[in-house]
Structure formats: structure tokens, C-alpha cells
Amino acid sequence: QVQLVESGGGLVQAGGSLRLSCAASKNIVRINTVGWYRQAPEKQRELVATITSGGSPRYADSGKGRFTISRDNAKNSVYLQMNSLKPENTTVYYCNADQIWIVGGLRRTDYWGQGTQVTVSS
């Protein structure tokens, strides 16, 4: 099954840290630009940060200062280090790849993971 799998979410106290991971399934041979998004209930999904295949990061206001996006192309994985977490960071976080290439050379666009819940207690 072709998928992006997020992990690393959970419950943490305010001020704590979490590291989210977005791992590509083994049948994905390459992923292009990857973004981390957040979506609260009944709200639109919003961008947190993106990283290109070459490792250039960009941050939305919601991700600046306390979050760091990184990737390991050898592992086809992207990470989001979140520090000094606040209760308002509580929501589901998703990773998205604008393009992926799977075994056999097929290319797919706008590929989403299933999300991982982050809960920050006060």
C-alpha cells in the first residue's frame, strides 16, 4: 500500500516537546516537497512548515520559532520537532507530499498521510 505514515504525536504538558515523523512506505522511492499541516475540528487545514527535496525549509507563522522541519532522504522521512508546546498547538497534524514516485515510475501528486494527534495539556 502506498502511504505516508505520521507518528510521534501524543499527550505532552505545556512547555514540552514532541517530534513528529512522516515516513514513506517502502514502495515510495522518492518524495518531493513535504509539508506539515494542522487541522482543528471544524477549521480549515493550515500550513505549519514545508521542506523541499533539497532540504530548504519554510515556516508559516504558526511554525516559526519553536518548530523545526527536517528530512532524511535516505530514509524517505520528514520530521517536525516541536518545542515549547502550548495548549493551542493541540490538534491533528498531517504530512503532505506534493509529489511522490512509486516503484514502477508512477508519479502521484498531493499525497496525504492519515494524521497524528497532538494534545498539549496546561
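A quick note: this is a predicted structure, and the numbers were derived from the prediction, not measured.
For the pair Tyr111 and Val2, the minimum side-chain heavy-atom distance is below 4.5 Å. By the 4.5 Å heavy-atom criterion applied to side chains, Tyr37 and Thr91 are not counted as neighbours. When side chains are defined from C-beta on, Ile31 counts as touching Val78, because their heavy atoms get closer than 4.5 Å. When side chains are defined from C-beta on, Leu4 does not count as touching Tyr94, because their heavy atoms never get closer than 4.5 Å. The closest side-chain heavy-atom distance from Arg71 to Asn73 is below 4.5 Å. With a 4.5 Å cut-off on side-chain heavy atoms, Leu80 and Val48 count as touching. With a 4.5 Å cut-off on side-chain heavy atoms, Leu18 and Gln81 do not count as touching. Looking at heavy atoms from C-beta onward, Trp36 lies out of side-chain contact with Thr50 at the 4.5 angstrom threshold.
Rounding to the nearest 0.5 angstrom, the gap separating the OG atom in Ser70 from the CD1 atom in Ile51 is 6.0 Å. For the atom pair CD1 (Ile28) and CG (Asn76), the distance works out to 7.0 Å, reported to the nearest 0.5 Å. In this structure, CD1 in Ile100 is found 10.5 Å from CD in Gln3, a value given to the nearest 0.5 Å.
Taking Arg45 as the reference, Gln39 meet the side chain to side chain donor-acceptor pair (under 3.5 Å) condition, with sequence neighbours excluded. With sequence neighbours left out, Ser17 forms a side chain to side chain donor-acceptor pair (under 3.5 Å) with Asn83. Ser7 pairs by the side chain to side chain donor-acceptor pair (under 3.5 Å) definition with nothing, not counting sequence neighbours. In this structure, the side-chain contact (heavy atoms from CB on, under 4.5 Å) partners of Asp110, at least two apart in sequence or on a different chain, are Asn96, Trp112. Residues forming a side-chain contact (heavy atoms from CB on, under 4.5 Å) with Lys75 (at least two apart in sequence, or on another chain): Asp72, Ser77, Tyr79. Under the rule for a salt bridge (Lys or Arg N to Asp or Glu O under 4.0 Å), the partners of Glu46 that lie at least two apart in sequence or sit in another chain are Arg38. Contacts of Ser121 classified as side chain to side chain donor-acceptor pair (under 3.5 Å), with partners at least two apart in sequence or in another chain: none. Take Gln114 and apply the side-chain contact (heavy atoms from CB on, under 4.5 Å) test, not counting sequence neighbours, and it matches Val5, Glu6. Looking at residues two or more places apart in sequence or on another chain, you find a side-chain contact (heavy atoms from CB on, under 4.5 Å) between Leu106 and Ile102.
What you find for Ala14 and Ser122 is that their closest heavy atoms are CB-CA, 4.3 Å. When all heavy atoms of Gly9 and Thr116 are compared, the pair lying nearest together is N-OG1, 3.2 Å.
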key: Pair Tyr59-Thr68, side-chain contact (heavy atoms from CB on, under 4.5 Å): steps then yes or no   = CA-CA 9 Å; Tyr59 297 93; Thr68 303; 3.8 Å; yes
message = Between Thr109 and Asn32, does the side-chain contact (heavy atoms from CB on, under 4.5 Å) criterion hold? Intermediate values first, please.
response = CA-CA 10 Å; Thr109 60; Asn32 195 44; over 6 Å; no
ask   = Between Gln99 and Arg108, does a side chain to side chain donor-acceptor pair (under 3.5 Å) hold up when you go through it step by step?
value = CA-CA 6 Å; Gln99 298 181 84; Arg108 296 185 182 178; over 6 Å; no
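The hydrophobic cluster containing Phe67 does not contain Val92, counting ILVMFWY residues as joined when their side-chain heavy atoms lie under 4.5 angstrom apart, directly or transitively.
Within the structure, salt bridge (charged side-chain N to carboxylate O under 4.0 Å, His left out) pairs that include any residue of residues 20-33 do not occur (at least two apart or interchain). Listed by first then second residue, pairs satisfying salt bridge (charged side-chain N to carboxylate O under 4.0 Å, His left out) with a partner in residues 58-70 read Asp61-Lys64, not counting sequence neighbours.
If you chain together ILVMFWY residues whose side-chain heavy atoms come under 4.5 Å of each other, Trp101 ends up grouped with Val29, Val103.
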